[in-house]
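For reference, the structure is listed below as structure tokens.
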Number of protein chains: 2
Amino acid sequence: MRCSLGRALDVIGDWWSPLIIRDLFLGIGRFDELVEDLGISRNLLTRRLNLLAEAGVIERQAYQLRPRRWEYRLTAKGRDLVPALLALTEWGNRWAAPEEGPPMLFVHTGCGGPVTPTVVCSECGRPLQADEIRAVAGPGGAAGPGTRVLARRLTLPH
Amino acid sequence: MRCSLGRALDVIGDWWSPLIIRDLFLGIGRFDELVEDLGISRNLLTRRLNLLAEAGVIERQAYQLRPRRWEYRLTAKGRDLVPALLALTEWGNRWAAPEEGPPMLFVHTGCGGPVTPTVVCSECGRPLQADEIRAVAGPGGAAGPGTRVLARRLTLPH
DNA sequence: GTAGTAAGTTCAGTCATTGAACTTAAGGTG
DNA sequence: CACCTTAAGTTCAATGACTGAACTTACTAC
């Protein structure tokens with residue numbers, strides 16, 4: 001698929017991958033811990049971990065030899081995914097938090113304060129809102145699955 | 001599932017929903033257009049649209065009577081999801097863009113400039129990085145699927 | 001009255017996911 | 001030495017989700 005959202009979803013577009021990445025981010029990195037924390041079935045976790053490793057988002061490291069025991073951790077590419085997942089989490093907090101309040105909060109060690117992850121425009125720094133954003137065709141713009149109708153819309157008018 | 005990421009994924013945790021929401025955001029709102037643009041099968045699109053509508057993320061509106069024809073559009077809850085999806089798209093641009101460059105760019109009508117969606121700390125305004133964020137238990141913190149191991153980690157140490 | 005369009009529904013086949021049991025390679029206990 | 005335990009998987013049957021193609025309905029235009 002040509003669009004960058006589609007390419008991101010190729011990596012984390014299933015139900016479990018974002019949760020696996022969140023758990024690795026939080027320091028839960030061993031196979032049985034992930035099974036217990038998420039309730040994912042073992043064979044599926046095996047496949048997901050392999051796919052995420054192939055995609056370069058996570059890597060496997062031995063934390064002990066004899067017997068060899070493994071731990072999974074985020075790569076730079078995977079760590080860079082965390083802010084985007086936090087933005088999604090924040091949406092969940094705003095629109096679908098349980099009555100008691102969010103089960104988890106985040107602290108920014110840079111400033112010491114509680115974080116409300118916010119997606120802003122890198123140019124002007126203001127929070128992004130859907131109605132203030134217009135899409136235009138980029139350099140790699142072409143029609144393909146995921147942009148068949150879109151390609152016509154982006155190039156024709158204006 | 002108790003965590004807010006899990007709750008967000010309950011709504012958009014499959015492969016198609018984020019793409020559907022992106023298309024609605026870009027003005028592609030009719031059934032056959034969505035089928036053509038995404039290449040999704042018709043029966044699945046029907047189900048996804050119904051689920052997203054049930055979740056309050058999209059709504060159906062007639063754009064013509066006799067014969068009745070429908071159009072789907074984002075609700076406020078759905079529009080609020082767009083910045084988070086843009087953050088994900090931006091990750092796709094950084095780590096998985098095609099050689100020719102990203103197929104689509106965004107312009108911020110507020111400042112007129114090209115947008116690079118960035119996730120920042122709402123307190124200090126600095127871009128979030130995985131290694132500068134610490135998780136702490138929130139008011140609704142309890143052990144359940146998705147936080148079984150986590151609950152022990154968050155409350156016990158420190 | 002024949003063709004076309006938009007928005008679906010129906011159905012057979014395939015593929016993904018679940019849940020439970022089993023495997024492998026060690027280490028520790030009596 | 002025999003037995004139990006742990007971590008990290010693998011294997012397998014059953015169920016559920018998704019795909020692709022054909023069909024349906026309600027209308028308009030020629």
Side-chain angles (χ1 to χ4, degrees), chain A residues 1 6 9-21 23-24 27-55 58-73 144-146 148-150 152-153, chain B residues 1 6 9-21 23-24 27-55 58-73 144-146 148-150 152-153:
Chain A
M1 187 166 280
L9 293 174
D10 278 342
V11 178
I12 53 144
D14 66 285
W15 208 77
W16 292 112
S17 295
L19 292 169
I20 291 170
I21 290 166
D23 269 19
L24 297 188
I28 298 177
R30 300 187 187 174
F31 192 90
D32 280 19
E33 282 178 338
L34 289 167
V35 168
E36 191 195 350
D37 191 56
L38 300 175
I40 188 176
S41 70
R42 299 171 153 269
N43 55 357
L44 187 54
L45 179 58
T46 300
R47 198 176 331 156
R48 284 284 162 272
L49 289 172
N50 287 338
L51 288 173
L52 289 171
E54 266 176 54
I58 68 173
E59 61 192 358
R60 194 166 75 146
Q61 252 206 343
Y63 67 88
Q64 141 184 326
L65 308 162
R66 326 205 48 78
R68 241 197 179 84
R69 294 286 158 81
W70 304 97
E71 190 169 45
Y72 294 88
R73 26 161 67 198
R148 270 187 275 257
V149 173
L150 242 167
R152 294 203 293 271
R153 294 276 174 99
Chain B
M1 189 168 277
L9 292 174
D10 279 342
V11 177
I12 52 145
D14 67 288
W15 208 78
W16 292 114
S17 295
L19 292 169
I20 291 170
I21 290 166
D23 270 18
L24 296 189
I28 297 178
R30 300 187 187 174
F31 192 89
D32 281 18
E33 282 179 339
L34 289 167
V35 168
E36 190 195 350
D37 192 58
L38 299 175
I40 187 176
S41 69
R42 299 171 153 270
N43 55 355
L44 187 53
L45 178 57
T46 300
R47 198 173 334 153
R48 284 287 162 268
L49 289 172
N50 287 337
L51 288 173
L52 288 171
E54 265 177 53
I58 69 173
E59 60 192 359
R60 196 166 74 147
Q61 253 206 341
Y63 67 88
Q64 142 185 325
L65 308 162
R66 327 201 53 75
R68 242 198 177 82
R69 294 286 156 81
W70 304 97
E71 191 169 45
Y72 294 88
R73 25 161 66 200
R148 271 185 277 255
V149 173
L150 242 167
R152 293 201 294 273
R153 295 273 174 98

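Note that these values count all heavy atoms, side chains included, but never hydrogens, waters or copies made by symmetry. We name chains A, B, ... by the order of the sequence lines, and we start the count at 1 in each one.
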Per-nucleotide protein contact along nucleotides 11-21 of chain D, 5' to 3', at a 4.0 Å heavy-atom cut-off (B base, S sugar-phosphate only, - neither), is BB-----SBB-
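Without hydrogens or angle criteria, A:R153 side chain to B:G27 main chain gives a donor-acceptor distance under 3.5 Å. No side-chain donor-acceptor contact under 3.5 Å links B:D23 to the backbone of B:I28. Proximity of a side-chain donor or acceptor of A:T46 to a complementary backbone N or O of A:R42 within less than 3.5 Å is detected. Between the side chain of B:E33 and the backbone N or O of B:E36, no donor-acceptor pair lies under 3.5 Å.
Taking both residues in full, the closest heavy atoms of B:L34 and B:I40 are given as O-CG2, 4.2 Å, listed atom of the first, atom of the second, then distance. Between A:G29 and A:L24, the closest heavy-atom pair is CA-CD2, 3.6 Å.
A straight line from CG of A:N50 to C1' of D:dG9 spans 10 Å, rounded to a whole angstrom. Here C:dG8 presents its P atom at 13 Å from CD of B:E33, a figure rounded to the nearest Å. For the pair A:R66 CZ and C:dG28 P, the interatomic distance rounds to 12 Å; values are reported in whole Å. If you take CG of A:L38 and P of C:dG19, they are 13 Å apart, rounded to a whole angstrom. Atoms CD1 (A:I58) and P (D:dA8) sit 13 Å apart, rounded to a whole Å. Look at CG on A:L34: it is 13 Å from P on D:dA7, rounded to the nearest Å. Rounded to whole angstrom, the span from the CD atom of A:E36 across to the P atom of D:dT6 amounts to 12 Å.
Residues passing the salt bridge (charged side-chain N to carboxylate O under 4.0 Å, His left out) test with B:R68, sequence neighbours excluded: none.
By the 4.5 Å heavy-atom criterion applied to side chains, A:I20 and A:L45 are counted as neighbours. In this structure the side chain of A:R69 never reaches within 4.5 angstrom of the side chain of A:F31, judged on heavy atoms.
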Under-3.5 Å N/O pairs linking protein and nucleotides 1-6 of chain C:
residue	atom	partner	partner atom	Å
C:dT5	O2	B:R69	NH2	3.2
C:dA6	O4'	B:R69	NE	3.3
C:dA6	O4'	B:R69	NH1	2.7
C:dA6	O3'	B:Y63	OH	3.2

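Side-chain N/O atoms of A:Y72 include none lying less than 4.0 angstrom from OP1 or OP2 on D:dA7.
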